[in-house]
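Just below is one structure, and these are the notes that go with it.
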Amino acid sequence: MEKKSEKLSLEENFDRLEETIEKLEQEDLPLEEAFRAYSEGMAILKQCNDQIDKVEKQVLRLSEEGRLEAFDNGEE
């Protein structure tokens, strides 16, 4: 699976993370392959965290006039 995780949705990254966990749970997994899977899983987890942070920054709030506005805390 050679897709770039940054181009995948959060749900797709969660699926990839689940596949990686299942691979790591295999009892007969060679150490080198387990390390590669662990490293890939950590990279996917970081991407998930980045995606969640991005969504949190776009949280909508209801203004006093009843309009939806993007939440902006000055970071980008």
Side-chain angles (χ1 to χ4, degrees):
M1 189 173 279
E2 291 295 320
K3 291 181 181 178
K4 290 243 181 227
S5 58
E6 61 194 65
K7 297 189 186 222
L8 299 177
S9 70
L10 185 58
E11 291 80 11
E12 290 169 322
N13 276 328
F14 280 152
D15 289 341
R16 287 184 65 210
L17 193 55
E18 188 171 327
E19 289 171 11
T20 302
I21 290 169
E22 288 173 6
K23 185 185 294 185
L24 285 168
E25 290 176 340
Q26 296 174 5
E27 292 181 22
D28 59 344
L29 189 66
L31 183 58
E32 294 85 9
E33 194 172 330
F35 181 73
R36 274 193 297 274
Y38 174 81
S39 296
E40 179 181 344
M42 293 304 291
I44 295 168
L45 185 59
K46 181 186 180 319
Q47 185 63 40
C48 289
N49 284 331
D50 291 347
Q51 287 173 303
I52 291 169
D53 287 345
K54 183 177 179 182
V55 170
E56 285 177 347
K57 289 180 182 178
Q58 296 173 345
V59 170
L60 298 177
R61 64 177 173 85
L62 200 51
S63 72
E64 290 178 6
E65 295 88 32
R67 294 183 313 217
L68 289 177
E69 297 177 354
F71 176 75
D72 182 17
N73 63 1
E75 294 180 21
E76 207 44 47

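- Separation of atoms CG (D53) and SG (C48) is listed at 11.0 Å; rounding is to 0.5 Å.
- Separation of atoms CD (E33) and CG (D28) is listed at 9.0 Å; rounding is to 0.5 Å.
- When hydrophobic residues (I, L, V, M, F, W, Y) are linked wherever their side-chain heavy atoms come within less than 4.5 Å, the members clustered with F14 are L10, I52.
- The side-chain contact (heavy atoms from CB on, under 4.5 Å) with Q47 is formed by just one residue from the set N13, L17, L8; it is N13.
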**Asked** Yes or no on side-chain contact (heavy atoms from CB on, under 4.5 Å) for R16 and E12, after CA distance, side-chain angles and deciding distance?
**Response** CA-CA 6 Å; R16 287 184 65 210; E12 290 169 322; 5.7 Å; no
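- Between atom CG of residue L31 and atom CZ of residue R36 there is a gap of 10.0 Å, rounded to the nearest 0.5 Å.
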**Candidate pair D50 and K54, rule side-chain contact (heavy atoms from CB on, under 4.5 Å), full reasoning** = CA-CA 6 Å; D50 291 347; K54 183 177 179 182; over 6 Å; no
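- A37 and L24 get closest at one heavy-atom pair: CB-CD2, 3.8 Å.
- Considering only residues two or more places apart in sequence or on other chains, K23 meets the salt bridge (charged side-chain N to carboxylate O under 4.0 Å, His left out) condition with none of them.
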